[in-house]
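To start, the structure under review is shown below, and the notes come after it.
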Amino acid sequence: MITDDSIDRHIMQTRTTLRDAARLPLFIAVLWTAVFTLLRLGLLLYLGPTSVPWALWPGVMLKGVMFDLAVVCITTAPVFLYEALIPNAWRRQRWHRALRWTWVWVSVLVMLFGAGSEVTFWLEFATRFNFIAVDYLIYTQEVIGNIRQSYPVPAIVTGLGLAAAAVTIGLRKQVHLANAVVLSWRHRAALLLSAVALPLLSVSLTNVDQMQGAGNAYAEELSGNGLYSLAAAMRRNELDYDKFYRTMPQAQADAILKGLDVERQPLSQAIQVDEEDPASDPLPFKRRPRNVVLISVESLSASFMDTFGAGKHLTPRLDRLAREGLLFEHMYATGTRTVRGLESLSLGTPPVPGQAIVRRPNNEHLATLGEILKPQGVDSFFFYGGYGYFDNMSAYFDANGYQVFDRTDIPKADVVFENVWGVADEVMFNHVIKTLGAEAGKHRPFFAHVMTTSNHRPYTYPDGRIDIKSPGGRDGAVKYTDYAIGKFIDDARRQPWFKDTLFIIIADHCASVAGKTKLPVDGYHIPLIFYAPDFVQPDVFKPVVSQLDLAPTIVEMMGKNGDDHFYGRPFFEDGPPLNRAFISNYQELGYLRDGILTVLLPKRRVQAYKVDEATLETTPTQVNEVLMNEAIAYYQTASRAFKQGALRIDLRGRWLGHKPGPKGDGG
């Protein structure tokens with residue numbers, strides 16, 4: 001019978017080899033690699049050959065092992081270092097044995113927890129860890145609270161702890177061998193060399209861009225490793241457009257944008273903006289709205305609404321508003337996160353690569369709706385049912401002409417329900433009614449941007465509102481948000497300012513962007529409804545439009561100056577519609593026009609896809625040079641404008657912080 005003492009005596013009687021010294025870290029490395037491989041295989045089996053063709057599976061597994069080994073080399077380096085530095089006299093001490101058992105158990109627990117987290121993240125986003133996971137690490141209060149309210153955390157943690165203990169006991173022999181070895185200076189030197197050389201070798205031989213090349217988004221994601229992707233996302237929090245993407249001379253880009261009716265000040269030459277640019281475009285309304293309430297709904301994909309063929313009857317109130325108002329049939333979100341939607345809706349700019357401008361430094365006094373409307377006598381508000389520090393929302397809107405109201409402004413007595421993300425939507429809408437009622441008494445027009453929260457995991461909401469009990473999953477959350485919006489409209493109808501107010505309902509982004517391609521077009525299709533029964537006639541607007549077109553449209557509809565401060569184009573402008581949209585996912589920058597999706601990628605690559613008009617499915621096609629140049633002009637100019645401070649204006653609407661370069665300055 002093998003006992004702990006017999007193992008120790010065996011080692012003491014046998015000459016220690018380098019293999020003995022490295023045995024424990026190597027066993028842990030093998031274990032981590034096996035778990036990574038099983039995780040990848042499990043996700044492949046979950047997706048099946050319809051999502052990832054059989055022919056791609058060997059490449060996914062082989063490339064995945066490469067990334068797994070790179071991660072293992074990095075994560076086991078501290079173990080090699082630990083083994084190299086521990087004095088021989090400590091190895092058989094009781095306290096040190098307890099310490100070794102502890103870190104072995106912790107390392108196994110972290111491995112199992114990481115694998116479980118990846119499964120959860122994949123089911124939510126269909127990707128490896130990315131920028132979203134980085135945000136989750138930053139906003140721990142909301143994320144941990146979300147997890148606690150969404151899953152049976154005590155049971156899961158207990159189960160993982162017991163599983164880690166079982167695996168650790170299975171490594172019992174290796175742990176005792178590590179405690180009993182006697183290391184020479186040569187052994188220590190070899191272990192030290194491993195601790196330094198293995199991470200350096202891994203970093204030099206692998207790059208996150210090596211995940212690409214399969215032509216299938218699922219396969220490319222599974223070819224990587226979650227921890228590796230997370231580290232890459234942390235490094236690439238902001239991508240320099242000029243360094244990574246295709247460029248052109250700025251004068252050429254400005255000329256292209258001018259031809260597309262983008263009237264904002266060019267970067268390449270000093271052209272004065274007409275500050276007395278009156279709203280002159282014809283509107284399909286009986287009159288202009290005095291006030292505008294913009295409701296951006298969390299994760300409301302168009303596919304949830306019966307209006308767009310869902311057939312699940314989750315949005316009866318929104319479907320009715322769509323029938324009674326102006327429905328935009330082909331509206332597309334610019335990104336996959338709330339901050340990207342807020343950026344687009346407030347600033348009207350194409351999505352710059354990396355983090356959204358809402359999250360970046362030096363984002364104050366930009367040409368937002370708040371900054372443009374404020375000096376023209378319009379009070380601008382931003383309402384959010386959660387805590388506004390999340391995603392830097394309060395700081396951004398407060399610095400850009402808005403008065404901000406968040407969870408901290410809502411009296412506790414008014415909160416009938418809340419979860420980790422904030423108060424229930426109906427609570428926030430009640431606060432909006434009270435606030436706007438008080439503001440309307442000041443006899444000034446207002447613009448209110450309201451951001452909902454309830455359509456978000458853990459999908460909890462007050463009981464008795466809808467026929468799906470809380471927590472009701474995504475379907476229940478969508479139906480509750482629909483109820484809350486309908487109740488808000490009913491409550492607003494009793495306000496004196498209702499007859500002069502245009503209500504705009506739009507999503508910040510879709511619930512999911514999973515697909516075989518990096519930019520699945522249907523994953524960006526969102527609803528947009530204009531509702532004002534006193535002056536907006538029921539109709540359907542059919543041209544393709546983008547989220548970033550809404551900001552200049554609002555300025556134009558309210559009869560104010562300044563729609564030329566945006567890259568977007570008012571919906572109702574004279575001339576043929578552009579029929580174009582922008583979609584992105586932090587790195588891939590898409591430009592949809594004329595049924596072709598042109599995608600700008602890092603390493604100055606460009607791809608193109610033909611988009612089926614009915615299904616929105618994409619198939620690879622030849623790059624159209626005209627569309628490629630339009631995409632470059634938009635994205636390059638928007639990125640440079642923010643970087644150079646050219647998106648800033650003062651309260652009188654004049655441009656700040658930008659000195660145009662000479663005519664024709666290069667790209």
Legend entry - Test log, rule side-chain contact (heavy atoms from CB on, under 4.5 Å), inputs V427 and V416: CA-CA 7 Å; V427 177; V416 298; 3.6 Å; yes

Inset, instruction - Nearest 0.5 Å please: distance from the NE2 atom of H330 over to the CD atom of E613. - result: 6.5 Å

Legend entry - Pair N291-T501, side chain to side chain donor-acceptor pair (under 3.5 Å): steps then yes or no: CA-CA 5 Å; N291 314 303; T501 301; 3.2 Å; yes

Legend entry - Polar side-chain atom of W421 near backbone of R457 as donor-acceptor pair, under 3.5 Å: yes

Legend entry - Min side-chain heavy-atom separation S639-P353 under 4.5 Å: yes

Legend entry - Sub-4.5 Å side-chain heavy-atom contact between R337 and D391: yes

Legend entry - T368 side chain vs S346 backbone, donor-acceptor pair below 3.5 Å: no

Inset, instruction - List the atom of R474, the atom of F304, and the distance in Å for their closest heavy-atom pair. - result: CG-CZ, 3.7 Å

Legend entry - Greater than 12 external heavy atoms within 6.0 Å of R320's CZ: no

Legend entry - Mutual orientation of the aromatic rings belonging to F541 and F572 [parallel < 30°, tilted 30-60°, perpendicular > 60°]: perpendicular

Inset, instruction - Answer yes or no: is there a donor N or O on one side and an acceptor on the other, between the side chain of D508 and the main chain of L342, under 3.5 Å? - result: no

Inset, instruction - Would you confirm whether E617, through its side chain, and D612, through its main-chain N or O, come within 3.5 Å as a donor-acceptor pair? - result: no

Legend entry - F498 versus I489, closest heavy-atom pair with distance: CE1-O, 4.2 Å

Inset, instruction - Would you give the length of the straight line joining atom OG1 of T408 to atom OH of Y389, rounded to the nearest 0.5 angstrom? - result: 11.0 Å

Legend entry - Mutual orientation of the aromatic rings belonging to Y480 and Y483 [parallel < 30°, tilted 30-60°, perpendicular > 60°]: tilted

Inset, instruction - Check the pair Q547 / Y332 against side-chain contact (heavy atoms from CB on, under 4.5 Å), numbers first and verdict last. - result: CA-CA 6 Å; Q547 263 182 333; Y332 292 92; over 6 Å; no

Legend entry - Residues in salt bridge (charged side-chain N to carboxylate O under 4.0 Å, His left out) contact with E439, at least two apart in sequence or another chain: K442

Inset, instruction - Kindly state each residue pair satisfying salt bridge (Lys or Arg N to Asp or Glu O under 4.0 Å) with at least one member in residues 291-304, sequence neighbours excluded. - result: none

Legend entry - H456 versus S299, side-chain donor and acceptor atoms under 3.5 Å: no

Legend entry - Option among V293, L294, L318, V450 that satisfies the side chain to side chain contact (heavy atoms under 4.5 Å, CB included) test with I505: L318

Legend entry - Close side-chain approach of E418 and R407, heavy atoms under 4.5 Å: yes

Inset, instruction - Check for a donor-acceptor pair, side chain of D549 on one end and backbone N or O of R569 on the other, with a separation under 3.5 Å. - result: yes

Inset, instruction - Kindly say whether V555 contributes a backbone atom to a donor-acceptor pair with the side chain of D563 at under 3.5 angstrom? - result: no

Legend entry - Ring centre gap for F381 and H449 strictly below 6.0 Å: no

Inset, instruction - With sequence neighbours left out, write down each residue that passes side chain to side chain donor-acceptor pair (under 3.5 Å) with T349, or none if nothing qualifies. - result: none

Inset, instruction - Could I get the full list of salt bridge (charged side-chain N to carboxylate O under 4.0 Å, His left out) partners for D475, not counting sequence neighbours? - result: K312

Inset, instruction - Look at the side chain of N455 and the backbone N and O of A477, then say whether any donor-acceptor pair between them is shorter than 3.5 Å. - result: no

Inset, instruction - Salt-bridge test for K434 and D409: reply yes if a basic N is under 4.0 Å from a carboxylate O, no otherwise. - result: no

List the atom pairs, donor and acceptor, that lie under 3.5 Å between side-chain atoms in residues 397-405 and the rest of the protein, sequence neighbours left out.
from: N400; atom 1: OD1; to: H365; atom 2: N; distance (Å): 3.1
from: N400; atom 1: OD1; to: L366; atom 2: N; distance (Å): 2.6
from: N400; atom 1: ND2; to: N363; atom 2: O; distance (Å): 2.9
from: N400; atom 1: ND2; to: Y396; atom 2: O; distance (Å): 2.7
from: Y402; atom 1: OH; to: G370; atom 2: N; distance (Å): 3.4

Legend entry - Minimum-distance pair of heavy atoms, taken over all atoms of F535 and P289: CZ-CB, 3.7 Å

Legend entry - T435 vs F383, side-chain contact (heavy atoms from CB on, under 4.5 Å): CA-CA, chis, key distance, verdict: CA-CA 10 Å; T435 304; F383 294 90; 3.7 Å; yes

Legend entry - Side-chain heavy-atom pair P527, T307 within 4.5 angstrom cut-off: no

Inset, instruction - Would you please indicate if the ring centroids of W122 and Y46 are separated by under 6.0 Å? - result: no

Legend entry - Straight-line distance of L326 CG to Y531 OH, nearest 0.5 Å: 13.5 Å

Legend entry - Test side-chain contact (heavy atoms from CB on, under 4.5 Å) applied to T336 and Y524, step by step: CA-CA 8 Å; T336 60; Y524 294 83; 3.5 Å; yes

Legend entry - salt bridge (Lys or Arg N to Asp or Glu O under 4.0 Å) between D306 and R323, worked out: CA-CA 11 Å; D306 286 0; R323 292 191 301 270; over 6 Å; no

Legend entry - Pairwise side-chain contact, W497 with R290, heavy-atom cut-off 4.5 Å (strictly under): no

Legend entry - S344 (side chain) donor-acceptor with L548 (main chain) under 3.5 angstrom: yes

Legend entry - Heavy-atom donor-acceptor pair, R317 side chain to D482 backbone, under 3.5 Å: no

Inset, instruction - Could you tell me which residues satisfy salt bridge (charged side-chain N to carboxylate O under 4.0 Å, His left out) with E118, sequence neighbours excluded, listed by chain and number? - result: R128

Legend entry - 4.5 Å side-chain heavy-atom contact, I372 and F566: yes

Inset, instruction - May I ask you to decide if the ring planes of Y591 and F582 are parallel, tilted or perpendicular, using 30° and 60° as cut-offs? - result: tilted

Inset, instruction - Determine yes or no for a side-chain-to-main-chain donor-acceptor pair under 3.5 angstrom, with H525 supplying the side chain and E329 the backbone. - result: yes

Inset, instruction - Please assess D534 against R493 for the test salt bridge (Lys or Arg N to Asp or Glu O under 4.0 Å), listing each intermediate value before the final yes or no. - result: CA-CA 11 Å; D534 282 6; R493 203 183 305 274; over 6 Å; no

Legend entry - From R465 atom CZ to E426 atom CD, the distance as rounded to the nearest 0.5 Å: 4.0 Å

Inset, instruction - I would like to know whether Y384 and F390 meet ring-ring contact (aromatic ring centres under 6.0 Å, His included); could you show each step before the answer? - result: CA-CA 10 Å; Y384 179 59; F390 185 79; 7.4 Å; no

Inset, instruction - Measure the shortest side-chain to side-chain distance between C510 and I526 over non-hydrogen atoms and say whether it is less than 4.5 angstrom. - result: yes

Inset, instruction - Using distance alone, with no hydrogens and no angle criterion, decide if D425 and T481 have a side-chain donor and acceptor under 3.5 Å apart. - result: yes

Legend entry - Straight-line distance of M305 CE to T315 OG1, nearest 0.5 Å: 4.5 Å

Inset, instruction - Hey, could you give me the CE/CZ distance between M557 and F285, rounded to the nearest 0.5 Å? - result: 5.5 Å

Legend entry - Within-4.5 Å side-chain heavy-atom neighbours: V352 and R360: yes

Legend entry - Among I295, L528, L345, side chain to side chain contact (heavy atoms under 4.5 Å, CB included) partner for I504: L528

